[in-house]
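Since the structure comes first, as structure tokens, the remarks are kept for the end.
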4 protein chains.
Amino acid sequence: MPIKEPSRARDDVGSNSIDSVTMGKSLRADARRNRERILDVATKVFATEGLDVPIDEIANRAGLGVGTVYRHFPTKEELFEAVVFRFKQRLIDKAMEMLEHDDPGPAFFNFLSLIVREGMGNKALIAALASGMDIHRPLSGISLDFRNALGELLNRAQLAGSVRNDIQVTDITAILCGVVRTLEYNDDYGLSERILSVVCDGLRGRCNL
Amino acid sequence: MPIKEPSRARDDVGSNSIDSVTMGKSLRADARRNRERILDVATKVFATEGLDVPIDEIANRAGLGVGTVYRHFPTKEELFEAVVFRFKQRLIDKAMEMLEHDDPGPAFFNFLSLIVREGMGNKALIAALASGMDIHRPLSGISLDFRNALGELLNRAQLAGSVRNDIQVTDITAILCGVVRTLEYNDDYGLSERILSVVCDGLRGRCNL
Amino acid sequence: MPIKEPSRARDDVGSNSIDSVTMGKSLRADARRNRERILDVATKVFATEGLDVPIDEIANRAGLGVGTVYRHFPTKEELFEAVVFRFKQRLIDKAMEMLEHDDPGPAFFNFLSLIVREGMGNKALIAALASGMDIHRPLSGISLDFRNALGELLNRAQLAGSVRNDIQVTDITAILCGVVRTLEYNDDYGLSERILSVVCDGLRGRCNL
Amino acid sequence: MPIKEPSRARDDVGSNSIDSVTMGKSLRADARRNRERILDVATKVFATEGLDVPIDEIANRAGLGVGTVYRHFPTKEELFEAVVFRFKQRLIDKAMEMLEHDDPGPAFFNFLSLIVREGMGNKALIAALASGMDIHRPLSGISLDFRNALGELLNRAQLAGSVRNDIQVTDITAILCGVVRTLEYNDDYGLSERILSVVCDGLRGRCNL
DNA sequence: TATGAATGAGCATTCATTCAT
DNA sequence: AATGAATGAATGCTCATTCAT
């Protein structure tokens, strides 16, 4: 499944071959390092402070100028999306692992649990999941991938009879989003446990009335 | 600089109908009407656009000057709280009705359903419920009332055996908040139905593990 | 010396004689009482908080509506001028007393001392004196009277040889204004004493190079 | 939100003249020029119109955007303080000169005269001096320096017998502040001369009682 | 390519003054 | 005459984004 980087131009090849030999490589490495640094900082900052932090703040904490941030991410939104990209990529990896190693039911439910654990108090992940919910704009590449991975887990769990059959992937993303947002202002551990248990029970299927 | 409370209440009308005709509290009536208008507009605008709408916008849409809005609600936050107040008041009323007329189980679950229906796509209600979740500041009057009403419904449902006993009110408000936020950008009816059913099932109690 | 009230219209006489008989007198009394109350409050508030207090605040503290304040004083500035009027009137009275009862020298210097004492920490009086200094707008009636009273004291003190002959009234008002403003943020008693003594010494006349 | 200091100093030029031609610190130079321009404008505007001029006005007159002004001076107050800084710095320099070159007495009195001349009609300087008088907040760096310079002048003048011994520095700043404020609306030259002479005479010491 | 200076629209809030009742 | 509601211009300040160096 090819994952396309979100719109990051890189149209400088060809003529600057000399540069590439003399110092181009190192520049590119520098740039890549900066990009990573920005993402790291943005990830942490968005996670802890939410989306309202000014870009200047992020640039500062990354030890870079604003201009540099904007060179890599032409828009605050795009920066955020890149952060989202990372989150989802990591989660997708986890999903893949679980798909390979675990039994269908546990794989699915453990994945949910994982997300909840990671999302607790992480405003960026919360916003990331929420942004994937917006029905009004089409799912970007990574979100699609994420949904597909989740769908895979769900499917197998349903085939194994561990999850109600009427449930759709969207329902799961929605529920995840909800649970995780629920915990935005509330890191009481018992709470998340109980909510997760309610949701999982509900997903397993009704048994009374 | 101390902010003076914006001349609330004094809504005892009735017998002074003659006064109202001759020269009575009609200015007061005007003011009250404006206040209502502001609240109406704010409710709608906050609901559809979120909390970021400028006060000027609200004033404009209400056909009033900014100053008038600020006279009634000295702070944007207070305006929002007034909107929240209304929402919660209405929900509390509904809860009371259900407490009186319905059986414990249905009363509880119907109330959840009601909230979900009302909250769907309503950013203001969502924010309202979310604001009640912030563990860091104590519940204000109406939010307390709301929680109490919900607690009452939950209690009776638990006594009647319709809801798991380990569930607490906070869990419910959290779940509601989550579900409703989930549907912020998504008004697909089937979705909300399924999520609700999952949650309700989960709340009823586990039957398989 | 006729002192004219600062532009306070009072053009309702004649035809409303009936009103004056039935209830007019009491209304006028009411109005006059309100006017006094506003002035009292404004005097105190301007003195302690400075000229930046909103008119609403004054109206509130006076237990009246803003409209009432504006009825009596069509402009914030006019209100302030009325306050100034009072201050200066009182000072003029004192000056008159001193003119009658005290010797020329002491009369003059005691008067200065009095003003300094009254002006210390009284932002309104300070502003009042300062407003009288503005060369760009002509002296209003009371300020003229005040200056004249001061001039009288000065004259006699000069004739008695207690004050340098080259000093003019304006110099005195200016100096007073300065001394009093000096003490605006500084209520240390010794300070005002010393400053006063320097100024008075200086006024008495030079004795060394 | 932490406010970062506006990139002061670094005024070591000289040898890098080549850099300046090719591509040197010209941006920095631009910024510095803007900073100066803002300060110049603010100085003039504050001086002539007082502290109430909107920042937008200053930005306009400087031909810059508001944001630029705020970049250099994060707060209106800080802008004003920077203006004050300049004034006081210049005065301190003058004081130093006089300390070196003039005899104690004349040095002191000429300094007073200088301040009065500069402060006449200069609302900014007046406010600057006044701000140094506020007993409620401790003196900032430059104001302390200013007071010290003045103290030095005073001391020497007192040792030389040119000034009354009971006078303290605070008295002098207070008097200066007062005299200068006195002249806020009044640029009549004779007036300031006479006031100054009165004050100076007073400071020299009493000779008659 | 990196930098950070400049920009300016945007926003919450205040307050003198007017006006309907 | 009194009231206080309405008005809206004005202001300090923020922050996403552009641009010159």
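So that the names make sense, note that chain A is the first sequence line, chain B the second, and so on, each numbered from 1. Only heavy atoms go into these numbers, but all of them, side chains included; no hydrogens, no water, no symmetry mates.
- In this view, C:Ile126 and C:Val180, C:Arg181, C:Glu184 satisfy the side-chain contact (heavy atoms from CB on, under 4.5 Å) rule, not counting sequence neighbours.
- The side-chain hydrogen bond (donor to acceptor under 3.5 Å, both in side chains) test applied to B:Glu36 returns B:Arg86, not counting sequence neighbours.
- Within residues 55-65 of chain B, the residues approaching DNA chain F are B:Leu64, B:Gly65, by heavy-atom distance under 4.0 Å.
- Between C:Asn34 and F:dA2 there is a side-chain N or O to OP1 or OP2 distance below 4.0 Å.
- Among the nucleotides F:dT17, F:dA2, E:dT13, the one closest to any side-chain atom of C:Thr68 is F:dA2.
- Map D:Leu51 and C:Gly67 each onto its nearest nucleotide of DNA chain F; the residue landing nearer the 5' end is C:Gly67.
- Interatomic distance, B:His72 NE2 to B:Leu79 CG, rounded to the nearest 0.5 Å: 11.0 Å.
- Listed nucleotides: F:dT11, E:dA5, E:dA12. Nearest to the side chain of B:Lys76: E:dA12.
- Every ring pair (Phe, Tyr, Trp, His ring centres under 6.0 Å) that B:Phe46 has, sequence neighbours left out, goes to B:Phe80.
- As rounded to whole Å, 12 Å separates atom C1' of F:dT7 from atom CD1 of B:Ile38.
- The phosphate of F:dA2 (OP1 or OP2) has a side-chain N or O of C:His72 nearer than 4.0 angstrom.
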Return one dot-bracket line describing DNA chain F 5' to 3' (Watson-Crick or G-U wobble pairs, both distances under 3.5 Å; ( ) same strand, [ ] crossing, | another strand, . none).
.||||||||||||||||||||

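- Salt bridge present: C:Asp30 and C:Arg33 bring a charged side-chain N and a carboxylate O closer than 4.0 Å.
- In this structure, B:Tyr70 places its OH atom 22 Å from P of E:dT17, rounding to the nearest Å.
- The side-chain contact (heavy atoms from CB on, under 4.5 Å) test applied to B:Ala59 returns B:Val69, not counting sequence neighbours.
- Nearest heavy atom pair, residue A:Asn122 against residue A:Leu125, reads OD1-N, 2.9 Å.
- For residues 44-66 of chain B, the set of pairs meeting the side-chain hydrogen bond (donor to acceptor under 3.5 Å, both in side chains) definition, not counting sequence neighbours, comprises B:Glu57-B:Arg61.
- Listed candidates were E:dT17, E:dA12, F:dA16. Nearest to the side chain of C:Val66 is E:dT17.
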